[in-house]
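Down below is the structure, laid out as structure tokens.
Reminder, nothing fancy here: chain letters follow the sequence lines and each chain counts from 1.
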Amino acid sequence: MDLRHTIAQKISTALSQLDTTLTTDQVADMLEVPKTLDLGDFAFPAFQLAKSLHRSPVQIAQQLAPLVDADGLSKVEAKGPYVNVFLNQPVFAETTFKAILSDPEAYGSADVGQGGNVPIDMSSPNIAKPMSMGHLRSTVIGNALANIYSKLGYHPIKINHLGDWGTQFGKLIVGYKMWGSEEAVKENPIKNLLAYYVRFHKEDKDHPEMDDEAREWFRKLEDGDPEATKLWSWFREISLKEFQKVYDQLGVTFDSYNGEAFYNDKMDEVIDILESKGLLEKSQGADIVDLSPEGLNPALIRKSDGASLYMTRDLAAAIYRKRTYHFVKSLYVVGAEQKEHFDQLKAVLQRMGFAWADEIVHVPFGLITENGKKLSTRSGRIILLEKVLQDAVALAQKQVDEKNPTLANKKEVAHQVGVGAVVFHDLKNDRMDNFDFNLEEVVRFEGETGPYVQYTNARAQSILRKAGKTGADLVDAPALDDAGAWEVVRDLGNFPEMVTRAAKEYEPSVIAKYALRLAKAFNKYYAHTKVLTGDASQDSRLALVASVSAVLQSALALLGVGAPAEM
RNA sequence: GCGACAGUGGCUCAGUUGGAUAGAGCAAUGGUCUUCUAAACCAUGGGUCGCGGGUUCGAACCCCGCCUGUCGCACCA
């Protein structure tokens, strides 16, 4: 039984003495956490009882407070219409520190997932195009969710659903054959492949025959023509190698690179099923599934020329993932602009008789703009992720040189701080928030930022280093009795709940905000309390410091952000 | 036009899902390093929570209407 329910039970028992029956669960739901520390750690509002007891909430609170069994608590008092409950701080601190320090990895973990598979569709850049800030969002959100779900006992499967098929490959081949060379592509694959693509779009306006040619090459590719296939797989391979550089910097790995091409031979079955169930209709020459009963636009399954579409491919992918992974949940970390697509996808799967469609979850996120404008590869309005990371690391390097010139592994730290700033910035706000890109904002090191959290951890580590103790040495430290540390202690105790909430809401920002809250509380403590004084309570304070460091590291790890011991 | 998402200090955002006096960061001003890392801490100013109704003992949060912005709405993904 958790703390909330323990207290709820006490209150429930007390209420029965006032001839009121509320179950422990009901009381637990009503319990609030007051916004300021002087109002205690939990509060029970008496408003709702006023009617049935024919008394004012203030009176009820006054009568109820003395009836609550205060064993294990430090105080129960009525304040206005609330009964405020104060925890026994030293006891709570001791159990919390012990829980953290005896097994830091396990703290906040749970086995609710029981090893169930959770494929996560994420990142998904397009071959021959550079990765942009938009891909960063999908990548880091997906990665953080994978970490969070893993901590809760699920088995995430990170799938990079590459954009590696489509008519653009016809254009790419034509462009390459007209203007490209093997050397140029090898020298700078993405840049040059993109240049062919962009140039193609410029020139095909005056030379419509180029489009026919591109269509022809894509047709060849679909038919397995050796030359087309060879070029395609080369473009794919060489692009992937470029993407890998970014993933290495971010520290993100994948379990599968099955992209769009992978499903080429799996779409016929989808159409067969749809046909056999009589779901397909002709409309304006195309094959569709009418979703008007669901209040959705029709799902386009096959173009009038018989070619398949995005929807067809995603249906095949969804079914493949269910068969392969027997998932308990299937996540798609894809921009909010594709919401309707996923609504349609789920609706069609439902129509096909797949009840597991309910377990498909679109995890949408907001748009990144620049100067208020939407980014677009074709128009060249694009923020190169590689460049952003590069700039961030360079700025961090400058900062480290300035602040800590004698640091041994400056390069590594600069990398962790620079990349950490970018990743944290992307994860700290609600997924759905749109944001306008601003390099200075993204790579900020002060205030509510990733480096702030990293710095807090580095300070804590520094204290432990000076003391010559590790967390393991402090497991049995005596209880900390220091009202000034209470905010920190309480935050520490909240970590497990935050992990659960982040998973439930598919919202890494819950963890990022939590890390900021804990870091802020600790910095305040740090500024007011000297840890290494040599007195009898030193080990108790050190246990606090070690606990903070451990939890900050856990939180940063969940977000995919590094935690240097010094910076 | 229809639908989705959003609207909270000058700027960027929180607000534990309906509770006590609406909180942070940035920016501004002032203060704190001979003492564990000043990437920090402390203080001051700054608000009709888009607007109008409604539900409720109680609304930034729920319901209805309106305004503004963004995204989506058939053969791209």
Side-chain angles (χ1 to χ4, degrees), chain A residues 30 32-36 39 43 45 47-48 50-51 56-57 79-82 84 124 126 161 163 165-168 260 283-288 295-305 307-311 313-314 334-341 343 364 366-367 369 372 374 396 399-400 402-404 407 417 421 428-430 432-436 438 440-441 444-449 451-456 458-467 494 497-498 501 505 509-510 513-514 516-517 519-520 522-533 541-542 545 566-567:
Chain A
M30 291 167 75
E32 296 167 22
V33 178
K35 51 178 77 169
T36 54
L39 295 173
F47 302 102
Q48 289 176 43
K51 213 170 265 177
S56 76
K79 175 122 186 197
Y82 290 90
N84 291 335
S124 312
N126 295 317
H161 190 75
W165 202 253
T167 47
Q168 74 266 25
E260 293 167 7
S283 171
Q284 299 172 30
D287 291 300
I288 63 151
L296 294 166
N297 288 318
L300 267 166
I301 303 296
R302 207 153 46 176
K303 297 204 253 190
S304 31
D305 67 1
S308 63
L309 279 148
Y310 182 36
M311 181 60 69
R313 206 170 289 276
D314 261 7
V334 179
E337 66 271 18
Q338 292 193 41
K339 183 188 181 296
E340 179 152 26
H341 167 74
D343 287 346
L367 218 59
T369 53
K374 197 180 170 184
Q399 196 84 192
V400 174
E402 221 170 89
K403 308 258 179 192
N404 206 341
L407 196 62
V417 172
K428 86 171 167 183
N429 286 335
D430 191 298
M432 286 301 288
D433 286 355
N434 295 342
F435 81 87
D436 201 61
N438 175 330
E440 280 165 42
E441 193 69 36
R444 184 157 252 147
F445 301 134
E446 287 156 24
E448 296 177 327
T449 65
Y452 174 84
V453 179
Q454 292 174 319
Y455 177 70
T456 310
R459 284 174 127 189
Q461 281 294 314
S462 177
I463 295 176
L464 294 170
R465 218 166 25 243
K466 285 228 157 74
N494 282 332
E497 194 186 327
M498 292 300 130
R501 206 180 117 201
E505 297 173 9
S509 71
V510 168
K513 281 173 191 139
Y514 168 78
L516 286 170
R517 207 178 314 134
K520 205 174 290 184
F522 180 72
N523 276 321
K524 191 174 181 177
Y525 174 78
Y526 180 99
H528 297 287
T529 311
K530 173 98 176 146
V531 176
L532 301 175
T533 60
R541 287 192 300 272
L542 280 169
V545 174
E566 287 182 73
M567 63 185 272

Return one dot-bracket line describing RNA chain B 5' to 3' (Watson-Crick or G-U wobble pairs, both distances under 3.5 Å; ( ) same strand, [ ] crossing, | another strand, . none).
(((((((..((((.....[...)))).(((((.......))))).....(((((..]....))))))))))))....
Taking the chi torsion of B/U17, is it syn (within 90° of 0) or anti (everything else)?
syn
Syn/anti label of B/C5 as read from its glycosidic torsion, with the cut at 90° from 0
anti
Is the shortest side-chain N to carboxylate O distance from A/E505 to A/R501 below 4.0 Å?
yes
In plain terms, say whether A/K513 and A/E448 are close enough for a salt bridge, that is, a side-chain N and a carboxylate O under 4.0 Å apart.
no
Regarding [X], tell me which of base, sugar-phosphate or nothing describes its non-hydrogen contacts under 4.0 Å with the strands shown.
X	result
A/P45	nothing
A/L296	nothing
A/E505	base
A/A43	base

Could you run through nucleotides 21-37 of chain B and give me one letter per nucleotide, 5' to 3': B if any protein heavy atom sits under 4.0 Å from the base, S if only the sugar-phosphate is that close, - if neither?
---BSS--------SBB
From the set [options], return the single nucleotide nearest to any side-chain atom of [X].
X	options	result
A/Q399	B/U17, B/A39, B/A77	B/A39
A/P34	B/G15, B/A20, B/G72	B/A20
A/R501	B/A74, B/U16, B/C71	B/U16
A/F435	B/C71, B/C13, B/A39	B/C13
A/L300	B/C71, B/A74, B/C13	B/A74

Where the side chain of [X] meets the backbone of [Y], is there a donor-acceptor pair that is under 3.5 Å apart?
X	Y	result
A/D287	A/I301	no
A/S462	A/A458	no
A/N404	A/V400	no
A/T449	A/Y452	yes

Which atom of A/N434 lies closest to which atom of A/G366, heavy atoms considered
OD1-CA, 3.3 Å
Sequence neighbours excluded, which residues qualify as salt bridge (charged side-chain N to carboxylate O under 4.0 Å, His left out) partners of A/E441?
A/R444
Contacts of A/K428 that satisfy salt bridge (charged side-chain N to carboxylate O under 4.0 Å, His left out) - sequence neighbours left out
none
Tell me whether the side-chain N or O atoms of A/S283 pair up with the base of B/A74 as donor and acceptor below 3.5 Å, since no angle test is needed here.
yes
Would you say the side chains of A/N429 and A/S509 form a donor-acceptor pair under 3.5 Å?
no
Please determine, by modelled atom types, if A/E340 and A/N297 share a side-chain donor-acceptor pair under 3.5 angstrom.
yes
Report the C-alpha distance between A/H341 and A/M311 in whole Å, list the side-chain angles of each, state the deciding distance to 0.1 Å, and finish with yes or no for side-chain contact (heavy atoms from CB on, under 4.5 Å).
CA-CA 8 Å; A/H341 167 74; A/M311 181 60 69; 3.4 Å; yes
CA sep, side-chain torsions, deciding dist, call: A/M498, A/V510, side-chain contact (heavy atoms from CB on, under 4.5 Å)
CA-CA 7 Å; A/M498 292 300 130; A/V510 168; 3.9 Å; yes
Contact list (N/O, under 3.5 angstrom) for nucleotides 59-62 of chain B vs protein:
none

What protein N or O atoms touch nucleotides 3-11 of chain B N or O atoms at under 3.5 angstrom, if any, and at what distances?
none

